[in-house]
*Asks:* 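Have a look at this one before I ask anything.
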Amino acid sequence: DTLPYPTDSQFEGTGEVSMDDIDASPGSTVEIPVNISNGGNIYGFETTLSYDPNILTYDTLQLTELMDNYYLQVNNEQDGQITLAAAGSSPDGETGTFIVVSFSVSDNFTDQTEVLLTSLRWNEGELVENVASSTLNYVLADRKSTRLNSSHVVISYAVFCLKKKI
């Protein structure tokens with residue numbers, strides 16, 4: 001025998017999840033937003049994020065104001081994986097960023113890496129795999145200040161030469 005349970009969609013949560021690709025430089029800290037659109041009737045969710053622990057070091061994970069009435073539990077004990085569960089007493093489903101994950105980028109980062117949302121379950125629904133990903137693309141650190149510092153050196157040298165002539 002099985003327990004009776006409703007077969008209608010009264011407690012079915014829905015939402016489309018996406019993650020943005022971002023630029024990252026070695027030694028920096030990056031924040032990766034996880035976005036939802038077309039969400040509805042979400043009382044809770046479970047999800048797993050995967051990343052390369054040789055390139056990224058997990059820092060923090062926060063729910064945004066869209067999920068301010070939710071309780072959050074995070075497990076990051078396994079290198080390269082973050083598992084979280086969140087639940088609230090009133091349904092959510094607004095469009096926007098609902099999770100922000102922060103990582104420190106290794107000084108050895110030279111190409112690109114991915115953060116994957118490998119699984120997601122809304123409420124007690126079916127587990128969906130390979131939901132979304134964010135590619136972190138390598139960029140040089142702070143190019144503007146490097147140019148400014150180089151210009152500053154040239155200007156300082158020119159001022160020094162002018163003072164010598166006077």
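By convention here, the first residue in the shown sequence is residue 1.
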*Asks:* To the nearest 0.5 angstrom, please state how far the CG atom of Leu66 sits from the CD1 atom of Ile42.
*Replies:* 10.0 Å

*Asks:* I want to check something: taking the side chain as every heavy atom from C-beta on, are Thr95 and Asn38 in contact at a cut-off of under 4.5 Å?
*Replies:*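 They are not in side-chain contact.
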
*Asks:* Evaluate the ring planes of Phe98 and Trp122, with Trp represented by its six-membered ring, and classify them as parallel (under 30°), tilted (30 to 60°) or perpendicular (over 60°).
*Replies:* tilted

*Asks:* Could you measure the distance from the OG1 atom of Thr110 to the OH atom of Tyr138? Nearest 0.5 Å is fine.
*Replies:*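 So the gap between those two atoms works out to 7.5 Å.
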
*Asks:* I'd like to know if Leu120 and Leu127 are part of one continuous hydrophobic network [Ile/Leu/Val/Met/Phe/Trp/Tyr, side-chain heavy atoms within less than 4.5 Å].
*Replies:* no

*Asks:* What I'd like to find out is whether the side chain of Ile99 reaches to under 4.5 Å of the side chain of Thr64, using heavy atoms alone.
*Replies:* no

*Asks:* Looking only at non-hydrogen atoms, find the nearest pair between Pro26 and Asp107 and report the distance.
*Replies:* CB-O, 3.5 Å

*Asks:* Grouping I, L, V, M, F, W and Y whenever their side-chain heavy atoms are under 4.5 Å apart, do Val34 and Tyr71 come out in a common cluster?
*Replies:* no

*Asks:* What verdict does the side-chain contact (heavy atoms from CB on, under 4.5 Å) test give for Gln81 and Tyr58, after you've listed the backbone C-alpha separation in whole Å, the side-chain angles of each residue and the deciding distance to 0.1 Å?
*Replies:* CA-CA 9 Å; Gln81 185 171 304; Tyr58 170 74; over 6 Å; no

*Asks:* Check whether any side-chain heavy atom of Val115 sits under 4.5 Å from a side-chain heavy atom of Leu56, and report yes or no.
*Replies:* yes

*Asks:* For the CG atom of Asn35 and the OG1 atom of Thr97, what is their distance to the nearest 0.5 Å?
*Replies:*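 It is 4.0 Å, given to the nearest 0.5 Å.
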
*Asks:* Counting only heavy atoms not in Gln112, do more than 12 fall under 6.0 Å of its CD?
*Replies:* yes

*Asks:* Is there side-chain contact between Ile22 and Asn137, with heavy atoms separated by less than 4.5 Å?
*Replies:*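 No - every pair of side-chain heavy atoms lies 4.5 Å or more apart.
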
*Asks:* Report yes if some heavy atom in the side chain of Ile55 is under 4.5 Å from a heavy atom in the side chain of Asn108; otherwise report no.
*Replies:* no

*Asks:* Taking C-beta and beyond as the side chain, do Asp59 and Thr29 meet within less than 4.5 Å on heavy atoms?
*Replies:* yes

*Asks:* Report yes or no: does Thr135 contribute a side-chain atom to a donor-acceptor pair with the main-chain N or O of Asp21 at less than 3.5 Å?
*Replies:*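 Answer holds: no.
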
*Asks:* Assess the residue pair Leu136 and Tyr51 against the criterion (side-chain contact (heavy atoms from CB on, under 4.5 Å)); give the C-alpha distance rounded to whole Å, side-chain angles, the decisive distance to 0.1 Å, and a yes or no.
*Replies:* CA-CA 11 Å; Leu136 280 66; Tyr51 60 94; over 6 Å; no

*Asks:* Which is it for Thr60 and Val101 under the side-chain contact (heavy atoms from CB on, under 4.5 Å) test, yes or no, and what are the steps along the way?
*Replies:* CA-CA 6 Å; Thr60 61; Val101 189; over 6 Å; no

*Asks:* Do Thr83 and Asn75 have side-chain atoms, one donor and one acceptor, less than 3.5 Å apart?
*Replies:*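 The criterion, which ignores hydrogens and geometry beyond distance, is not satisfied for Asn75 and Thr83.
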
*Asks:* Per the salt bridge (Lys or Arg N to Asp or Glu O under 4.0 Å) rule, which among Glu126, Glu129, Glu12, Glu46 passes with Arg121?
*Replies:* Glu46

*Asks:* Got a second to check how far Ser134's OG is from Asp20's CG, nearest 0.5 Å?
*Replies:*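 Output value for this atom pair is 7.0 Å.
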
*Asks:* For Ser18 versus Ala132, what's the shortest heavy-atom pair and its separation?
*Replies:*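 Closest pair (atom of Ser18, atom of Ala132, distance): CA-CB, 4.1 Å.
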
*Asks:* Nearest 0.5 Å please: distance from the OG atom of Ser37 over to the CD atom of Glu94.
*Replies:* 13.0 Å

*Asks:* Is the shortest heavy-atom distance from the side chain of Met19 to the side chain of Leu117 under 4.5 Å?
*Replies:* yes

*Asks:* So, taking the atom named CG in Leu49 and the one named CD1 in Ile82, what distance separates them when rounded to the nearest 0.5 Å?
*Replies:*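 If we round to the nearest 0.5 Å, Leu49:CG and Ile82:CD1 are 5.5 Å apart.
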
*Asks:* Answer yes or no: is there a donor N or O on one side and an acceptor on the other, between the side chain of Asn123 and the main chain of Tyr43, under 3.5 Å?
*Replies:*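 Pair found, side chain donor or acceptor close to backbone of Tyr43.
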
*Asks:* Linking I/L/V/M/F/W/Y whenever their side-chain heavy atoms sit closer than 4.5 Å, directly or via other members, would Val100 and Val30 fall into one cluster?
*Replies:* no

*Asks:* Contact between Asn54 and Thr113 at the side-chain level, heavy atoms closer than 4.5 Å - yes or no?
*Replies:* no

*Asks:* Can Leu61 be reached from Leu116 by stepping across I, L, V, M, F, W or Y side chains whose heavy atoms are under 4.5 Å apart?
*Replies:* no

*Asks:* Would you kindly say whether Asn69 and Ser90 are connected by a side-chain donor-acceptor distance under 3.5 Å?
*Replies:*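 Short answer, yes.
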
*Asks:* Between Thr47 and Ser119, is there a donor-acceptor pair closer than 3.5 Å when you use the side chain of the first and the backbone of the second?
*Replies:*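 The answer is yes, because a donor-acceptor pair under 3.5 Å joins these two groups.
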
